[in-house]
*Asks:* 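Questions regarding the structure given below will be posed in turn.
All values below come from the heavy atoms of this structure, side chains included, with hydrogens, waters and symmetry mates left out.
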Amino acid sequence: MKKILATAAVLLATSLSCISTGVYAAGNVDAGKAAADKYNCASCHGKDFNTPIDPTYPKLAGQHRDYIEHALIAYQRGSDGPNGRGNAIMGAQAKALSHQDIQNIAAYLHSLPGSLVLGK
């Protein structure tokens, strides 16, 4: 019985450490703001990331962090890669981003107030 409790305690501790590591790895909002400024994301997606210059461009403010990360990685892969996206402008923009840049930008955009409708 003591062996089972000891094993359960180790599993719980391991699970909790994974959870806290996941939160840490989610990106840094301040670094994301700096990266979004550096790569001039607002030039197309709008100063507040909620009013893009073209109605076909997405509103990014308040968007889900994991969606932004997935989209940027898909643009890096291009249309020929698995789950890739083909867009010449975004492909070129995304190629310059490191994995950490992507996490940081996603955290920053997720933190902004937006008009994203999650349900009606």
*Asks:* Keeping the roles fixed (side chain from Asp37, backbone from Asn40), state whether a donor-acceptor pair exists under 3.5 Å.
*Replies:*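 No; zero donor-acceptor contacts below 3.5 Å.
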
*Asks:* Work out which heavy atom in His64 is nearest to a heavy atom in His110; give both atom names and the distance.
*Replies:*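 The pair with the smallest heavy-atom distance is CA-ND1, 3.8 Å.
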
*Asks:* For Gln93 and Cys41, indicate whether the former's side chain and the latter's backbone hold a donor-acceptor pair under 3.5 Å.
*Replies:*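 Pair absent, no side-chain N/O of Gln93 close to backbone of Cys41.
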
*Asks:* In Å, rounded to the nearest 0.5 Å, how long is the span from CG of Leu72 to NE2 of His99?
*Replies:*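 Separation between the atoms: 11.0 Å.
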
*Asks:* Please work out whether the ring planes of Tyr108 and Phe49 are parallel, tilted or perpendicular, with thresholds of 30° and 60°.
*Replies:*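 Aromatic pair Tyr108/Phe49 classed perpendicular.
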
*Asks:* Looking at Ala61 and Pro113, what are the two nearest heavy atoms and their distance?
*Replies:*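 So the minimum-distance heavy-atom pair works out to CB-O, 3.3 Å.
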
*Asks:* Measure the OG-CD1 distance between Ser98 and Ile105 for me, rounded to the nearest 0.5 Å.
*Replies:*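 Ser98 OG to Ile105 CD1: 8.0 Å, rounded to 0.5 Å.
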
*Asks:* Just verifying a value: how many Å separate Asn28 CG and Gln103 CD, rounded to the nearest 0.5 Å?
*Replies:*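 Taking CG in Asn28 and CD in Gln103, the distance rounds to 10.5 Å.
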
*Asks:* Check Gly27 against Gln100 and note the closest heavy-atom contact, atom names and distance.
*Replies:*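 Heavy atoms of Gly27 and Gln100 come nearest at CA-NE2, 4.3 Å.
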
*Asks:* Ignoring hydrogens and geometry, is there a side-chain-to-backbone donor-acceptor pair from His45 to Pro52 under 3.5 Å?
*Replies:*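 Not at all, since once roles are kept as given, no pair shorter than 3.5 Å links the two residues.
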
*Asks:* Where the side chain of Gln76 meets the backbone of Ala94, is there a donor-acceptor pair that is under 3.5 Å apart?
*Replies:*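 At least one qualifying donor-acceptor pair exists.
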
*Asks:* For atom NZ of Lys95, decide whether the heavy atoms of other residues, nucleotides or ligands shown that lie under 6.0 angstrom number more than 12.
*Replies:*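 Yes, enclosed.
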
*Asks:* To the nearest 0.5 Å, what is the distance between CG (Leu97) and CD (Glu69)?
*Replies:*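 Between Leu97 CG and Glu69 CD, I get 11.5 Å after rounding to 0.5 Å.
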
*Asks:* Looking only at heavy atoms, which two atoms of Ala31 and Asn104 are closest? And how far apart?
*Replies:*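 Answer, listing the atom of Ala31 first, then Asn104: CB-ND2, 3.4 Å.
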
*Asks:* If I take atom OG from residue Ser79 and atom CG from residue Asn87, how far apart are they, to the nearest 0.5 angstrom?
*Replies:*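 Reported value, rounded in 0.5 Å steps: 10.0 Å.
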
*Asks:* State whether the number of non-hydrogen atoms from other residues, nucleotides or ligands found under 6.0 Å of Ile89 atom CD1 is greater than 12.
*Replies:*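 12 or below, so no.
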
*Asks:* Is the shortest side-chain heavy-atom distance between Asn50 and Leu112 below 4.5 Å?
*Replies:*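 No. Closest side-chain heavy atoms not under 4.5 Å.
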
*Asks:* Which residue pairs pass the salt bridge (Lys or Arg N to Asp or Glu O under 4.0 Å) test with at least one member in residues 53-68, sequence neighbours excluded?
*Replies:*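 As it turns out, there is no salt bridge (Lys or Arg N to Asp or Glu O under 4.0 Å) pair with a partner in residues 53-68 once direct neighbours are skipped.
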
*Asks:* Please tell me if the side chains of Ile68 and Gln63 come closer than 4.5 Å, counting only heavy atoms from C-beta onward.
*Replies:*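 Yes, their side chains come closer than 4.5 Å.
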
*Asks:* Do you know the tightest heavy-atom contact between Ala35 and Asp101?
*Replies:*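 In terms of heavy atoms, the two residues are closest at CB-OD1, 4.4 Å.
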
